[in-house]
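Proteins come first, then strands; the chains are lettered A, B, ... in the order of their sequence lines, and each starts at number 1. The figures that follow rest on heavy atoms only: side chains count, while hydrogens, waters and symmetry mates do not.
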Amino acid sequence: MIRFFMLLVCMSVIHVSLHSQVGYQLSGTVKTEDNSPLTGAVIYLYPIEKGSITDASGKFSLSHLPAGQYRIEVSFIGYKTFTDTISIKGDQTFNIQLEVSSLSLQEVVVKDNYAEQRKREESLNIEVVNDDYLKMNMGGSLMNSLERLPGVSTIDIGSGQSKPVIRGLGFNRVVVVENNIKHEAQQWGADHGLEIDQFAVENIEVIKGPASLMYGSDAIGGIINIKNNKIPTPNTLRGNVDIIGKSNNSLIGSSLSLTGRKSWLHASLRATVLSYGDYRVPADSVVIFPDSYSYKVNLHNKQMRNTAGYEHNYHGTIGIVKDHFQSRIMASQINSKGGFFANAHGLEPRQVDSELHDQSSRDILLPYYQVSHFKIANKTKWRKDQLEIQFDGGFQRNFRQEWSQYSSHGYMPPVFPDTLPFSSELEREFKKDYYSANLNVKYTVNDQLTLTTGLNTEYHINDIDGRGFIIPAYKRSNIGAFLLLKYALSDESALQAGVRYDYGHISIDQYKDWYLSPVIEGNDTTYHYLERASETERDFSNFSWSAGYNYNPSNWIFKVNAGKSFRMPTAQELAANGINYHYFRYEVGDADLSPEVSWQLDAGVEYAEPLFAVGASPFLNYFSNYIYLNPTSEFNQGYQVFYYNQSRVLRYGGEIHAHYQLFNALTLGIIGEYVYSRQLSGEKEGYTLPFSPPASAIINLKYRKDILGFAQNAYFSVDYRLTAAQNEVVPPEDPTPGYTLVNIGLGGDIRFKSQTLSVNMQVQNLFNKAYLNHTSYYRLMSIPEQGRNIVLNVSIPFSTHLK
Amino acid sequence: MKIIIFKCIIIFAAIMVLFSCDSDTEIDKEKPVIHTDFINAFPTSCETIYFGETFNLRALFSDNAELGAYSIEIHNNFDHHSHGHNIEACDLAPKKEPVNPFVFLEDYDIPEGQNEYEVNLPISIPSENGEGLFDEGDYHFQIYLTDKEGWSTPLGLSVKMLYRED
């Protein structure tokens with residue numbers, strides 16, 4: 001309201017200052033990065049203080065201008081103010097593109113107009129953050145940095161790897177989308193991270209709720225939608241140098257980006273290098289599996305032996321922007337290597353040569369993983385009048401290797417034979433190629449009705465190698481089509497509804513052990529290469545839908561959405577039949593599993609005033625056939641047997657947030673999240689689901705000043721995080737005690753002459769507390785999380801105009 | 001319109017309250033226990049097992065509800081990989097390369113409906129296999145126990161496996 005009022009004031013001021021004068025005319029159009037016209041943008045010329053406002057098609061004109069040098073300033077709320085010098089010698093046109101402002105999303109309150117707008121138009125609950133937010137909250141990985149958002153948690157391994165969990169659902173139940181293309185890797189693994197460079201992220205939307213409608217299979221829990229496809233302002237060259245350091249694992253790193261645009265052609269480059277040592281826990285020793293093996297490991301300098309790693313990431317983009325057409329090609333290569341805690345092999349504690357490991361905290365010895373993720377994608381958009389057609393196509397190759405010392409288990413030969421086609425130390429290798437092509441057609445019928453229809457196709461080829469077997473090789477193809485309708489009932493309310501149909505086929509290869517096992521029948525013992533996955537072919541189809549309603553009267557946002565989404569079973573859920581020597585259990589798949597189907601009801605209510613805001617987003621979710629790896633009392637070949645079962649599951653919960661501006665610059669905020677899950681049928685009726693995040697809350701106090709001494713946008717913030725105990729467990733999980741943590745953050749922009757430095761500092765786990773995170777991989781072995789960690793991030797932007 | 005929204009939210013809240021009031025079914029959250037702390041327990045840590053002989057596994061299993069099954073696994077520890085807790089207490093022979101190590105993997109049932117079970121199981125260790133005599137030395141003797149609900153408990157013991165010298 002206040003902003004609108006200010007805009008009115010601006011407009012009247014500008015109106016008054018327009019006088020008639022003979023001279024030249026300056027006209028042009030103001031557009032957003034994706035070329036849609038901006039209505040109501042303010043154009044102002046200095047020093048004559050003449051201005052104008054763009055009309056419905058983004059056009060403006062200023063007449064009677066005397067020849068000369070002017071400074072032009074174009075501004076619009078939610079966008080970065082554009083300034084430039086122009087010399088007027090005759091009538092001329094000047095077109096401007098405004099970038100979405102990187103005004104940060106405040107701790108609890110959404111200050112960014114773009115985020116606000118997305119919240120208002122989306123009937124599912126959504127969190128929107130930008131790169132500034134990531135810098136203020138930078139964790140060991142992208143997902144760690146987002147963990148603070150209500151409803152978002154992570155499954156972590158070590159200090160640099162984590163994967164997303166939305167309201168308790170993770171793995172293959174959350175889809176990560178980068179620039180409209182699904183990020184495809186080995187999502188099923190608890191000890192695999194997400195291969196995304198967090199420095200390259202410009203904007204992220206977290207959609208909480210069933211999103212199969214737009215993205216097909218797997219989007220049951222929600223979507224992490226990553227965008228790094230801003231179109232640069234014409235005739236500029238800009239760049240950024242980021243330098244980062246972390247005390248806990250002695251991380252040093254930097255990221256350099258360069259983005260330029262010459263009229264219709266633009267290009268960008270980015271390189272990120274990170275290197276870190278073993279991370280520290282607040283303990284001199286850890287006891288792995290305290291109530292069974294009770295294996296004590298003494299730590300050298302409180303360091304988790306062999307958890308060092310590095311990341312080398314490269315990105316490149318080239319694109320064209322025309323009036324009705326834009327196209328770009330984006331390529332990226334993410335490389336990372338990191339050690340696994342040496343005193344455990346999978347979930348088995350091991351004694352190692354401590355002296356060798358403790359020589360250096362930065363070396364990466366066995367066991368370690370090495371991942372490279374290559375991605376190339378094209379995005380092409382054509383737009384004319386009411387019609388918009390967009391194509392997104394791409395190829396990805398995820399290549400992951402896990403190396404460890406050979407150790408014979410079960411009937412494996414005591415000494416590794418040299419006749420095998422893979423190295424004795426290659427435990428697992430996964431190579432996944434993923435091709436995808438999506439076509440979207442959007443037709444704006446009138447001011448009220450918009451229709452979007454789309455076709456998504458994808459093809460996966462997953463190959464495996466190495467001595468350890470977890471998932472079989474497979475090929476999978478999917479095709480899906482959807483129709484989505486948005487209807488504005490009034491300026492304040494809108495309906496959206498959509499339907500989708502998917503068809504998928506999976507073809508799983510047979511896998512046999514590379515070693516012989518004895519099979520005893522009667523008195524005869526024969527030796528066989530046992531089959532661990534059988535050749536399996538399955539077809540799946542699913543009809544999904546979603547319907548929602550938003551009502552946004554002045555200070556309120558109300559939303560309600562109902563939807564059905566689904567997930568195709570994975571290869572190991574369908575075909576596994578053997579010992580998983582990572583978890584030391586015998587896993588049995590079921591070739592007859594049906595696609596997992598979930599129904600969800602979501603609601604959202606938010607009330608915001610300039611000084612006060614409060615909101616809640618509850619959900620209710622029902623699975624008719626949740627796929628679950630059920631531990632039984634049976635044994636096979638010495639190991640406990642786990643079957644993939646399906647059971648009915650009920651889940652509900654939600655998030656709340658509120659903030660209140662105590663004084664001018666001081667804001668108090670609270671965020672809380674809670675999820676309850678229960679299996680309603682099957683062998684584990686009455687139990688929860690694995691990896692259920694405990695209830696948690698953050699109480700935040702933030703001091704913020706636009707100008708504080710020599711710093712601009714200065715902030716100081718304290719987070720008091722409370723996490724409840726998780727006593728709702730299902731075998732083989734252990735209950736996890738609750739804990740509280742204090743994190744602080746401070747930063748601001750410092751100006752040296754014409755150069756700005758943006759500095760963000762955090763102290764995570766200020767009191768160096770030893771605690772267990774229920775959803776961390778190392779939690780399974782009772783290993784505490786990282787101790788105190790000071791994170792410093794300095795960002796140096798630079799830019800110049802291209803003549 | 002506002003009223004409809006409020007109604008929706010109230011219904012929603014009512015459903016949630018309804019479900020949360022539903023009384024929790026009593027579920028088992030306790031793991032079974034392997035006891036080897038009684039006089040006749042065998043093997044215990046650092047015990048010797050002889051090739052070509054039969055010994056009786058003696059242990060006591062218990063669970064708060066109902067026991068499931070158990071398995072026994074024996075594998076060599078010639079590389080001192082040590083995942084038991086009593087490992088430092090035993091005298092380990094120097095590290096060596098396995099040639100023909102002994103491997104034992106067997107699964108056993110526990111009669112239905114037991115919450116306590118005393119194992120007295122004869123286990124015959126062969127004196128050789130097709131490759132000849134087994135490697136003597138340090139071995140791990142692992143017992144895995146489950147209960148009916150799928151909770152499991154491992155117990156790892158360090159033992160010596162030798163040929164008896166007459």
Side-chain angles (χ1 to χ4, degrees), chain A residues 288-289 291-296 345 348-352 405 407-411 414-415 489-490 492-493 549 551 553 556 558-560 584-585 601 603 605 616 618 620 630-640 642 650 652-654 676 678 683-687 727 729-732 735, chain B residues 1-2 4-6 8-9 12-13 15-16 19-20 22 24-29 31 34 66-73 75-76 78-85 87-88 97-101 103-110 130 135 142 144 146-156:
Chain A
I288 307 179
F289 296 112
D291 50 359
S292 56
Y293 288 124
S294 164
Y295 184 66
K296 187 179 171 192
H345 181 208
E348 185 184 62
R350 283 186 83 81
Q351 183 168 319
V352 294
Q405 232 147 26
S407 73
S408 159
H409 286 291
Y411 295 110
V415 177
L489 296 164
S490 69
E492 294 175 337
S493 64
Y549 172 74
Y551 178 50
W556 290 89
F558 294 104
K559 45 175 81 176
V560 59
F584 295 89
R585 62 196 184 197
L601 183 63
V605 57
L620 180 65
N630 177 40
T632 66
S633 60
E634 287 171 49
F635 282 97
N636 193 339
Q637 292 177 47
Y639 289 95
Q640 191 184 2
F642 285 56
L650 176 78
Y652 59 80
Y676 176 86
R678 197 164 67 182
E683 304 239 344
K684 292 290 178 289
E685 186 180 340
Y687 285 92
N727 293 316
V729 289
V730 57
Chain B
M1 193 55 74
K2 236 177 190 172
I4 298 173
I5 301 279
F6 273 119
C8 282
I9 291 168
F12 197 92
I15 294 171
M16 299 234 314
F19 278 114
S20 48
D22 212 343
D24 276 316
T25 344
E26 203 49 50
I27 55 166
D28 179 11
K29 288 183 186 170
K31 295 178 181 179
I34 305 172
E66 185 181 346
L67 290 162
Y70 68 103
S71 79
I72 291 167
E73 194 221 340
H75 63 257
N76 78 76
F78 303 161
D79 60 350
H80 297 185
H81 66 263
S82 302
H83 33 217
H85 55 298
I87 212 69
E88 269 109 335
E97 280 284 299
V99 181
N100 184 25
V103 175
F104 185 88
L105 277 180
E106 283 298 329
D107 310 328
Y108 303 95
D109 292 331
I110 293 173
D135 297 345
Q142 312 252 105
Y144 298 94
T146 57
D147 71 7
K148 217 59 198 170
E149 290 290 359
W151 290 108
S152 75
T153 300
L155 176 72

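- Here A:G638 is the residue among A:S408, A:G638, A:P631, A:S490 with the most heavy-atom pairs under 4.5 Å with chain B.
- Listed by chain and residue number, B:H75 satisfy the side-chain hydrogen bond (donor to acceptor under 3.5 Å, both in side chains) test with B:E73 (two or more places apart in sequence, or in another chain).
- Heavy atoms closer than 4.5 Å to chain A are found in both the backbone and the side chain of B:D28.
- Options B:G68, B:S152, B:G150 differ in how many heavy-atom pairs under 4.5 Å they form with chain A, and the most are formed by B:G150.
- Contact record, B:D147 with A:S633: O-CB, 3.2 Å, taken as the closest heavy-atom pair.
- For the 3.5 Å distance criterion, the side chains of B:T146 and A:Q640 fail to qualify, holding no donor opposite an acceptor.
- Remark: B:L105 CG to A:H409 NE2 distance equals 11.5 Å, nearest 0.5 Å.
- Of the listed residues (B:F78, B:F104, B:Y70, B:W151), the greatest number of heavy-atom pairs within a distance under 4.5 Å of chain A belongs to B:W151.
- Within a 6.0 Å sphere centred on CD of A:Q405, other residues, nucleotides and ligands contribute 12 heavy atoms or fewer.
- Counting heavy-atom pairs under 4.5 Å between each of B:E106, B:E97, B:K31 and chain A puts B:K31 at the top.
- Only the backbone of A:V730 has a heavy atom closer than 4.5 Å to any heavy atom of chain B.
- Most heavy-atom pairs under 4.5 Å with chain B, from the set A:F642, A:F635, A:F584: that is A:F635.
- Between atom NZ of residue A:K684 and atom CD of residue B:E149 there is a gap of 5.5 Å, rounded to the nearest 0.5 Å.
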